[in-house]
Trainee: 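First the structure, then my questions, so here it is.
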Amino acid sequence: MMARKLTEEKLQAELSRLEQMKEYEYTYAACPFICGIDEAGRGPLAGPVVAGAVILPKDCTILFLNDSKKLSPKKREELYEEIMEKAVATGVGIVGPDLIDEINILQATYQAMRQAVSSLSVAPDLLLNDAVTIPDLSVMQVPIIKGDGKSVSIAAASIIAKVTRDRMMEEYDKLFPQYGFGKHKGYGTAAHTAAIREFGPSPIHRRTFLKNILKES
């Protein structure tokens, strides 16, 4: 999958970078199953919030694994397939816009993360989370600020969450083409807010996120 030819120098540099991203995995190496947790979609005006949970094998090396925001869409798709192939277990949690409006985005994010953990085929011994501590989980958790750039497990989870959500938004784009979901994935771009003002909100818009936009229209 990652068959691009690398010079020995570049390969060693990439392996060194990945070693640095295994600091937390090494720190908690006594835990058999370490699970990375991250989300995609807290900020958009439309669509779900999606959480990913990934348990990687301890000897796993996935070249170019990184925070999903630092990767091109093509690279994310390639890495998604490699993660799904190599992971011990993966899980996804999805909370839609209606529930986001009902319980707020933070609580919806926590719920998506709990869903992702509960859908794993292997019970984790430790969660490495991007920045948050998830309520109502008995497993030990380590919140890491900007963890998707500091932990291979969290980086893998960020890619699973991002690719899953992006694919969903591309499907929504077919249902509601006037909003351009395939391009901006629901984020508040100028074109997106203009479409909301022109057409009003779609069934997948988060009404609590649109108050200022709708006031101005």
Trainee: Flag yes if more than 12 heavy atoms outside Lys58 fall under 6.0 Å of its NZ atom; otherwise flag no.
Mentor: yes
Trainee: Determine, stepwise, if the pair Glu19 / Tyr26 fulfils side chain to side chain contact (heavy atoms under 4.5 Å, CB included).
Mentor: CA-CA 9 Å; Glu19 276 297 297; Tyr26 289 145; 2.9 Å; yes
Trainee: Does Ile105 offer a backbone N or O that forms a donor-acceptor pair with the side chain of Arg42 under 3.5 Å?
Mentor: no
Trainee: Check Ala51 against Ala161 and note the closest heavy-atom contact, atom names and distance.
Mentor: C-CB, 4.0 Å
Trainee: If every non-hydrogen atom of Pro201 is compared with every non-hydrogen atom of Leu210, which pair is closest and at what distance?
Mentor: CB-CD1, 3.6 Å
Trainee: Verify side chain to side chain contact (heavy atoms under 4.5 Å, CB included) between Gln115 and Val92, making sure each step is shown before the conclusion.
Mentor: CA-CA 7 Å; Gln115 286 179 15; Val92 170; over 6 Å; no
Trainee: Is the closest side-chain heavy-atom distance between Asn129 and Ile134 below 4.5 Å?
Mentor: yes
Trainee: Under a 3.5 Å distance rule, please check whether Asp101 uses its side chain to pair with a backbone N or O of Thr208 as donor and acceptor.
Mentor: yes
Trainee: Flag the pair Leu63 / Leu11 as yes when at least one side-chain heavy-atom distance between them is below 4.5 Å, and no otherwise.
Mentor: yes
Trainee: Does Arg167 qualify as a cation-pi partner of Tyr172, given the criterion of NZ or CZ under 6.0 Å from the six-membered ring centre and within 45 degrees of its axis?
Mentor: no
Trainee: Hey, is the main chain of Ser68 close enough, under 3.5 Å, to the side chain of Ser158 for a donor-acceptor pair?
Mentor: yes
Trainee: Any donor and acceptor pair, going by atom type alone, linking the side chain of Arg114 with main-chain N or O of Pro135 inside 3.5 Å?
Mentor: yes
Trainee: Work out which heavy atom in Thr61 is nearest to a heavy atom in Glu82; give both atom names and the distance.
Mentor: O-OE2, 4.4 Å
Trainee: To check you understand the geometry: which heavy-atom pair defines the closest contact between Thr109 and Glu39, and what is its length?
Mentor: CG2-CG, 3.8 Å
Trainee: Please list all pairs passing the salt bridge (charged side-chain N to carboxylate O under 4.0 Å, His left out) test where one or both residues lie in residues 145-157, with sequence neighbours left out.
Mentor: Lys69-Asp148
Trainee: I need the single residue from Ser121, Pro124, Ser153 that forms a side chain to side chain contact (heavy atoms under 4.5 Å, CB included) with Ile55. Which is it?
Mentor: Pro124
Trainee: Is a donor on one side and an acceptor on the other found under 3.5 Å between the side chain of Arg76 and the backbone of Val163?
Mentor: no
Trainee: Can any side-chain N or O of Gln178 pair as donor or acceptor with the backbone N or O of Ala195 at less than 3.5 Å?
Mentor: no
Trainee: Using a 6.0 Å cut-off, check whether atom CZ of Phe199 has over 12 heavy atoms from anything other than its own residue.
Mentor: yes
Trainee: Check for a donor-acceptor pair, side chain of Asn104 on one end and backbone N or O of Leu106 on the other, with a separation under 3.5 Å.
Mentor: yes
Trainee: Among the clusters formed by ILVMFWY side chains lying less than 4.5 Å apart, do Ile154 and Tyr28 turn up in the same one?
Mentor: yes
Trainee: Please say which of Val117, Val142, Thr133 ends up in a side chain to side chain contact (heavy atoms under 4.5 Å, CB included) with Leu127.
Mentor: Val117
Trainee: Treating Ile, Leu, Val, Met, Phe, Trp and Tyr as nodes and any side-chain heavy-atom pair under 4.5 angstrom as an edge, say whether Met84 and Leu56 lie in one connected cluster.
Mentor: yes
Trainee: Ile160 and Gly52: which non-hydrogen atoms are nearest, and at how many Å?
Mentor: CG2-CA, 4.5 Å
Trainee: Quick one: closest heavy-atom pair of Ala87 and Pro57, and the distance?
Mentor: CA-CD, 4.1 Å
Trainee: For the residue pair His205 and His192, categorise the inter-ring angle as parallel (less than 30°), tilted (30 to 60°) or perpendicular (more than 60°).
Mentor: tilted
Trainee: Please report the interatomic distance CE(Met169) to NZ(Lys183), rounded to the nearest 0.5 Å.
Mentor: 14.5 Å
Trainee: State whether the side chain of Asp173 and the backbone N or O of Phe181 hold a donor-acceptor pair below 3.5 Å, judged by distance alone.
Mentor: yes
Trainee: With rounding to the nearest 0.5 angstrom, report the OG1 to CD1 distance, Thr90 to Ile159.
Mentor: 13.0 Å
Trainee: Would Val152 end up clustered with Val122 when hydrophobic side chains under 4.5 Å apart are linked, directly or stepwise?
Mentor: no
Trainee: Are any of the side-chain heavy atoms of Val132 and Met113 separated by less than 4.5 Å?
Mentor: yes
Trainee: For the residue pair Leu120 and Cys35, establish whether any side-chain heavy-atom pair is separated by less than 4.5 Å.
Mentor: yes
Trainee: Between Ile34, Ile144, Leu126, which is the residue that forms a side chain to side chain contact (heavy atoms under 4.5 Å, CB included) with Tyr24?
Mentor: Ile144
Trainee: Would you please classify the geometry between the Phe176 ring and the Tyr179 ring as parallel, tilted or perpendicular, with 30° and 60° separating the classes?
Mentor: perpendicular
Trainee: Do Ser151 and Glu25 come within less than 4.5 Å of each other through their side chains, counting heavy atoms only?
Mentor: yes
Trainee: Is any side-chain heavy atom of Ile37 closer than 4.5 Å to one of Leu128?
Mentor: no
Trainee: Taking a hydrophobic cluster as the set of Ile, Leu, Val, Met, Phe, Trp and Tyr residues connected by side-chain heavy atoms closer than 4.5 Å, whether directly or through intermediates, do Val54 and Ile62 fall within one such cluster?
Mentor: yes
Trainee: Have Gln107 and Gln111 got a donor and an acceptor in their side chains that come within less than 3.5 Å?
Mentor: no
Trainee: Distance check, rounded to the nearest 0.5 Å: Leu214 atom CG versus Thr193 atom OG1?
Mentor: 11.0 Å
Trainee: Check for me, please, whether Leu99 and Tyr110 land in the same ILVMFWY cluster - side-chain distances under 4.5 Å, paths through other members count.
Mentor: no
Trainee: Output yes when a side-chain donor or acceptor of Asp125 lies under 3.5 Å from a complementary backbone atom of Cys31, and no otherwise.
Mentor: no
